[in-house]
Protein chains: 2
Amino acid sequence: MKVLVADDDADLRELIAFTLTQAGYFVIKAGDGPAAVRLSQAETPDLVVLDVNMPGLSGFQVCEAIRRESRVPVMMLTVRGEEEDLVRALGLGADDYLTKPFSPRTLLARAAALLRRAGMDTAAPLTAGRVVLDLGEHTVAIDGGTAVRLTPLELRLLQMLVANAGRTVSSERLLVQVWGHKSGGDRQLLKQLVHRLRQKIETDPAAPALLRTAAAGYKLIVE
Amino acid sequence: MKVLVADDDADLRELIAFTLTQAGYFVIKAGDGPAAVRLSQAETPDLVVLDVNMPGLSGFQVCEAIRRESRVPVMMLTVRGEEEDLVRALGLGADDYLTKPFSPRTLLARAAALLRRAGMDTAAPLTAGRVVLDLGEHTVAIDGGTAVRLTPLELRLLQMLVANAGRTVSSERLLVQVWGHKSGGDRQLLKQLVHRLRQKIETDPAAPALLRTAAAGYKLIVE
DNA sequence: CGCGCATGTAACCGGTTTGTCACCGACCCG
DNA sequence: CGGGTCGGTGACAAACCGGTTACATGCGCG
């Protein structure tokens, strides 16, 4: 479940991202309006969290731009008491709003509600080939077998691979997406994580049938 | 790697072209909108850099026309502060934007990012003459034969030659593009790499039919 | 506190990839 | 003719890479 978080305030952005990540969402971050518009197109998130007050493009303009091409749920962040902001946001097609400050619990509850309403309920497991990934339960099942519990990092890795099932995902991309390392991350970490994940999902971890090493990265085999 | 640069301002156009050429790209130039549309069809570039403000067809219209038939990455050039231009550009399917003025470094970084993304996402292999190059899988197939695995360096070399199929690419350019050496060059490395690549793709490596030695460089033969 | 789990770090192995060297023959030119 | 340059070739060593084992750290929880 991908969520785009757009806020120019780095602290708040990271707080929101952290909260969502902990809850099992995959988070994409944008620090300004233009980046938010670009990423909403490039990454097709399932939910967008937008701060109203951003330099350059305001949250309103971003919302407008997104609505021109997609009906992805949008949650706006406003400051308390600015009622007209609220009216304007909802008028532009935003689906919900949160007044700052807010608690992480509230954020999660609203986000879950929006996703449920959009039919993107977290209860719906992702599936690709022989792999069935339950994001809500943090488990995988292979070929309809028993569910295996995954650690947060394993889950993110597998989620990335499932999202690109059949295609090679480069090590660099995986490092960025799973750990958030900006560049030149530690390949050793990826090596380890793949190894541990294989122990859990492969029938013979020494001869991987699902999670295969490919040119400059890894890929999930379908059929 | 072919890049189409469309800008009616000759100075800026040449500056961009120069920057990209130095970095090892093969650049095609267009001075107005209609030329840009025509060249984007005729030359099938891997990236298009479009100025928003052009007489005749504006950058928006050109972008629209290109999007009607291709998903090639498009980078728009806008003037700072024209936020609605930005929204409009991204809405039309542009993949990125640069606000003028910008530094050559920024241009190169963004261009590289776009190409990387496109190269990852498209399973569509490059093809030139008898050569079919699959960037995602790091393989080549000659005349539809079996795919041969390439090492990273071999892949970069062949990619460079395919991008300039039929034309001679100087040893100097190849050294810069493949190894990132700034200048001067270790010709021995190139000699070896060409040798190793020929072993993989030529039916008779002693009498090269595809990767021929040309004046001060190499070229890929196309029929 | 100490236990177990998730994660990070280090070291080793075997295979691949790449860099380096030495030599060959072709060609050019004084 | 003889030296010089250049591209092609084979051999070898260094560096690198992925898989693996082992161990350290850090954290929550009883």
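All values derive from a computational prediction rather than experimental measurement. Just the heavy atoms: all of them, side chains too, but no hydrogens, waters or symmetry mates, feed the values below.
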* Between D:dG7 (P) and B:L190 (CG): distance, integer Å -> 9 Å
* To do: Could you walk me through whether B:L150 and B:T139 pass the side-chain contact (heavy atoms from CB on, under 4.5 Å) test, one step at a time?
  => CA-CA 5 Å; B:L150 295 180; B:T139 58; over 6 Å; no
* In whole Å, what is the span from the CZ atom of B:R187 to the C1' atom of C:dA22? -> 20 Å
* Taking atom C1' of C:dA6 as reference, at what distance in whole Å does atom CG of A:L157 sit? -> 15 Å
* To do: To the nearest Å, give me how far apart CG (A:L193) and P (D:dG19) are.
  => 12 Å
* Structure fact -> Atom CZ of B:R212 and atom C1' of D:dG7 are separated, to the nearest Å, by 15 Å
* nucleotides 8-16 of chain C: protein proximity per nucleotide (B base, S sugar-phosphate only, - neither; heavy atom, under 4.0 Å) -> BBBB-----
* Using atom CZ of A:R198 as one end and atom P of D:dT21 as the other, report the distance to the nearest whole Å. => 13 Å
* Asked: Would B:R196 and B:E154 pass as an ion pair if we require N to O under 4.0 Å?
  -> no
* **Over 12 non-hydrogen atoms of neighbours within 6.0 angstrom of OH in A:Y97** => no
* To do: Give, for atom OG1 of A:T151 and atom CG of A:L197, the distance between the pair rounded to the nearest 0.5 Å.
  => 8.0 Å
* Is any side-chain N of the basic residue among A:R149 and A:E137 closer than 4.0 Å to the acidic one's carboxylate O? -> no
* Over how many whole Å does the gap from B:E154 atom CD to C:dG19 atom P extend? -> 11 Å
* To do: Calculate the interatomic distance between A:H195 atom NE2 and D:dA22 atom C1'; express it in whole Å.
  => 12 Å
* Asked: Can you check whether A:K29 reaches A:V27 side chain to side chain, under 4.5 Å on heavy atoms?
  -> yes
